[in-house]
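Just so it is clear, the values below take in all heavy atoms, side chains as well, and ignore hydrogens, waters and symmetry mates. Source: prediction; values computed, not measured.
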Amino acid sequence: MSKKVLVVGGGAAGMMAAISAAERGASVTLLEPNERLGKKLNITGKGRCNVTNDSTAEELLANVPHNGKFLYSAFSRFDGRDAMTFFEELGVPLKVERGKRVFPASDRSFDISDALERRLKKLNVSMLCRRATGLLTEDGVVRGAETEQGMLFADAVILATGGVSYPATGSTGDGHRLAAEAGHMVTPLRGSLVPLQEEGNVCAKLQGLSLRNVGLAVFENGKKIHTDFGELLFTHFGVSGPLVLSASAHMRHFDKKAYRLEIDLKPALDEAQLDRRLLADFEKYANSDFCNALNDLLPQKLIPVMVERCGIFPHQKVHDVTREQRQGLLCLLKHFPIDIAAPQPVEDAIVTSGGVKVSEIDPHTMESKLVKGLYFAGELIDVDAYTGGFNLQIAWSTGRAAGFAAAETKE
């Protein structure tokens with residue numbers, strides 16, 4: 001007789017877990033309180049869905065800064081290339097972009113969620129629009145779950161309810177509560193891949209300005225810990241955009257360390273080249289006020305802030321600007337500083353950092369070491385990665401491992 005497997009959560013990890021268990025012959029029921037599956041999946045990658053990264057297990061691990069070793073077994077059995085094969089076999093053509101990021105060729109995230117849903121239906125997975133309110137356990141063994149519409153009995157339960165980021169998609173923290181009630185330690189939950197609040201009001205003056213092709217360096221207590229290149233956005237509270245979201249994953253100790261960003265506004269020019277550019281511009285605008293001499297160099301919105309921060313009097317004639325003043329401006333162009341006060345709240349994050357403690361989960365099967373027959377998958381677990389498809393790959397790999405293991409009939 002096939003095992004009854006109950007999967008709680010119809011996001012990326014939950015759908016993969018349900019498919020995997022059903023492929024191994026289990027009778028699977030999938031619980032999802034939203035009216036449709038994959039609600040958060042459908043908004044990832046700005047609606048394009050960065051489905052995975054074209055990477056080996058070792059390359060994936062290098063992009064998981066927090067508890068990466070826990071994922072070694074799951075990644076080894078189902079890495080980025082396995083995920084690509086999986087989705088292509090489900091009829092979703094894929095393409096690889098910069099940084100080995102993988103997207104549906106159509107740029108439509110719904111192609112991924114629709115393919116998963118078709119597979120679930122083909123495997124006769126029962127899908128119920130319900131919320132699990134509690135776990136049924138007896139003598140250290142899971143027996144099913146309580147829902148608002150009554151009890152559902154099962155031989156195994158997989159919790160895949162996501163984190164607490166994007167609560168509008170149903171990430172309400174239910175899984176963390178259920179895990180804690182079952183005796184698991186849940187580490188503190190905070191945002192990763194999250195916008196950053198500045199210390200001060202420089203960014204507010206630049207609100208709405210987007211900078212493309214700039215360099216970014218992150219400093220922790222004065223030590224450079226990360227550099228990147230790309231696009232960022234100034235907001236009323238600080239900074240956001242792809243560069244900043246990636247950088248935030250490296251900034252994990254706001255309670256005890258100070259963080260600063262430095263923007264290289266002209267990364268294509270080294271200091272000597274930039275100095276020659278400044279000299280050329282200053283020659284062109286020699287008889288102008290300094291505040292009118294940066295129009296060729298910077299976006300209009302940035303000029304007043306740059307003039308204020310570099311310390312050169314706005315109405316000083318350009319031909320009177322000293323070498324020392326020019327060097328100060330050059331330094332500011334290459335190292336525009338922003339002191340960071342804190343990350344935005346976890347609700348604004350792309351992923352949740354923190355979750356069910358990995359030492360309480362078997363890394364090969366994703367089974368609880370405390371409650372027999374209880375499994376975990378996805379963002380619920382205390383692991384998180386950088387941007388680039390790595391967090392979705394965690395969902396696919398852990399969902400695959402949990403689904404296969406939950407379906408196994410143990411003698």
Side-chain angles (χ1 to χ4, degrees), residues 63 65 98-99 191-278 281 290 294 296-312 321 323-344 349-350 386-388:
N63 285 278
R98 184 179 63 84
S192 185
L193 310 183
V194 65
L196 300 169
Q197 298 172 20
E198 88 165 309
E199 184 90 60
N201 65 345
V202 172
C203 296
K205 295 175 185 174
L206 299 170
Q207 180 180 349
L209 175 64
S210 176
L211 297 178
R212 295 175 182 272
N213 304 321
V214 294
L216 186 71
V218 178
F219 291 81
E220 182 181 79
N221 285 355
K223 180 185 175 186
K224 189 187 290 186
I225 60 168
H226 171 68
T227 59
D228 203 355
F229 174 84
E231 181 181 352
L232 63 78
L233 172 71
F234 292 100
T235 69
H236 65 285
F237 57 78
V239 278
S240 187
L243 260 188
V244 171
L245 298 180
S246 294
S248 72
H250 298 263
M251 304 162 76
R252 295 178 173 270
H253 307 290
F254 279 98
D255 52 337
K256 53 194 175 195
K257 295 185 179 178
Y259 290 97
R260 181 180 85 254
L261 303 180
E262 284 187 3
I263 304 170
D264 183 350
L265 295 163
K266 297 293 172 183
L269 303 176
D270 63 26
E271 295 204 358
Q273 291 168 325
L274 182 56
D275 196 31
R276 288 196 291 273
R277 167 69 193 272
L278 284 176
D281 280 10
F290 173 66
L294 302 176
D296 297 348
L297 193 67
L298 295 170
Q300 199 62 41
K301 200 164 193 174
L302 186 54
I303 292 172
V305 172
M306 184 63 70
V307 170
E308 181 186 330
R309 296 191 88 177
C310 78
I312 300 173
V321 172
R323 183 177 183 278
E324 288 71 24
Q325 287 176 317
R326 192 180 77 247
Q327 289 301 312
L329 173 61
L330 189 153
C331 184
L332 192 58
L333 287 165
K334 296 294 285 182
H335 307 276
F336 188 87
I338 301 170
D339 291 325
I340 300 300
Q344 281 287 90
I350 291 177
Y386 301 139
T387 56

Pick out which of V214, L209, L196 makes a side chain to side chain contact (heavy atoms under 4.5 Å, CB included) with L232.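 Answer to the side chain to side chain contact (heavy atoms under 4.5 Å, CB included) test with L232 among V214, L209, L196: V214.
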Contacts of A268 that satisfy side-chain contact (heavy atoms from CB on, under 4.5 Å) - sequence neighbours left out: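 In terms of side-chain contact (heavy atoms from CB on, under 4.5 Å), with neighbours along the sequence ignored, A268 is linked to no residue.
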Mind checking what makes side-chain contact (heavy atoms from CB on, under 4.5 Å) contact with K257, not counting sequence neighbours?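 K257 satisfies side-chain contact (heavy atoms from CB on, under 4.5 Å) with E220, N221, H253, Y259 only.
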Enter the distance from [X]:[atom1] to [Y]:[atom2] here, rounded to the nearest 0.5 Å.
X: Q325; Y: C310; atom1: CD; atom2: SG; answer: 8.0 Å
X: M251; Y: L261; atom1: CE; atom2: CG; answer: 5.0 Å
X: L297; Y: I303; atom1: CG; atom2: CD1; answer: 8.0 Å
X: L329; Y: L278; atom1: CG; atom2: CG; answer: 5.5 Å
X: I312; Y: E324; atom1: CD1; atom2: CD; answer: 11.0 Å
X: E198; Y: R260; atom1: CD; atom2: CZ; answer: 14.0 Å

Hey, are the side chains of [X] and [Y] touching, using non-hydrogen atoms and a 4.5 Å cut-off?
X: L274; Y: E271; result: no
X: V239; Y: F234; result: yes
X: M306; Y: L265; result: yes
X: P299; Y: L211; result: yes
X: R326; Y: D275; result: yes

Pairs flagged by salt bridge (Lys or Arg N to Asp or Glu O under 4.0 Å) wherever residues 233-250 is involved - sequence neighbours left out: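 Residue pairs passing salt bridge (Lys or Arg N to Asp or Glu O under 4.0 Å), neighbours aside: none found.
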Which is it for R252 and S192 under the side-chain contact (heavy atoms from CB on, under 4.5 Å) test, yes or no, and what are the steps along the way? CA-CA 8 Å; R252 295 178 173 270; S192 185; 4.1 Å; yes
Pairs flagged by side chain to side chain donor-acceptor pair (under 3.5 Å) wherever residues 239-250 is involved - sequence neighbours left out: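 For residues 239-250: H226-H250, S246-T387, H250-Y386.
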Selection residues 299-312 - residue pairs positive for side chain to side chain donor-acceptor pair (under 3.5 Å), sequence neighbours left out: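 For residues 299-312: K205-E308.
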Under 3.5 Å, which donor-acceptor pairs do the side chains of residues 333-340 form with other protein atoms, sequence neighbours left out?
residue, atom, partner, partner atom, Å
K334, NZ, D264, OD1, 3.4
K334, NZ, D264, OD2, 3.0
K334, NZ, K266, O, 3.0
K334, NZ, L269, O, 2.4
H335, ND1, E262, OE1, 3.1

Might you point out which heavy atoms bring G215 and F229 nearest each other, and give the distance in Å?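 Closest heavy-atom pair between G215 and F229: N-CD1, 4.3 Å.
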What are the two closest non-hydrogen atoms of T227 and K224, and how far apart are they?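 So the minimum-distance heavy-atom pair works out to CG2-CD, 3.6 Å.
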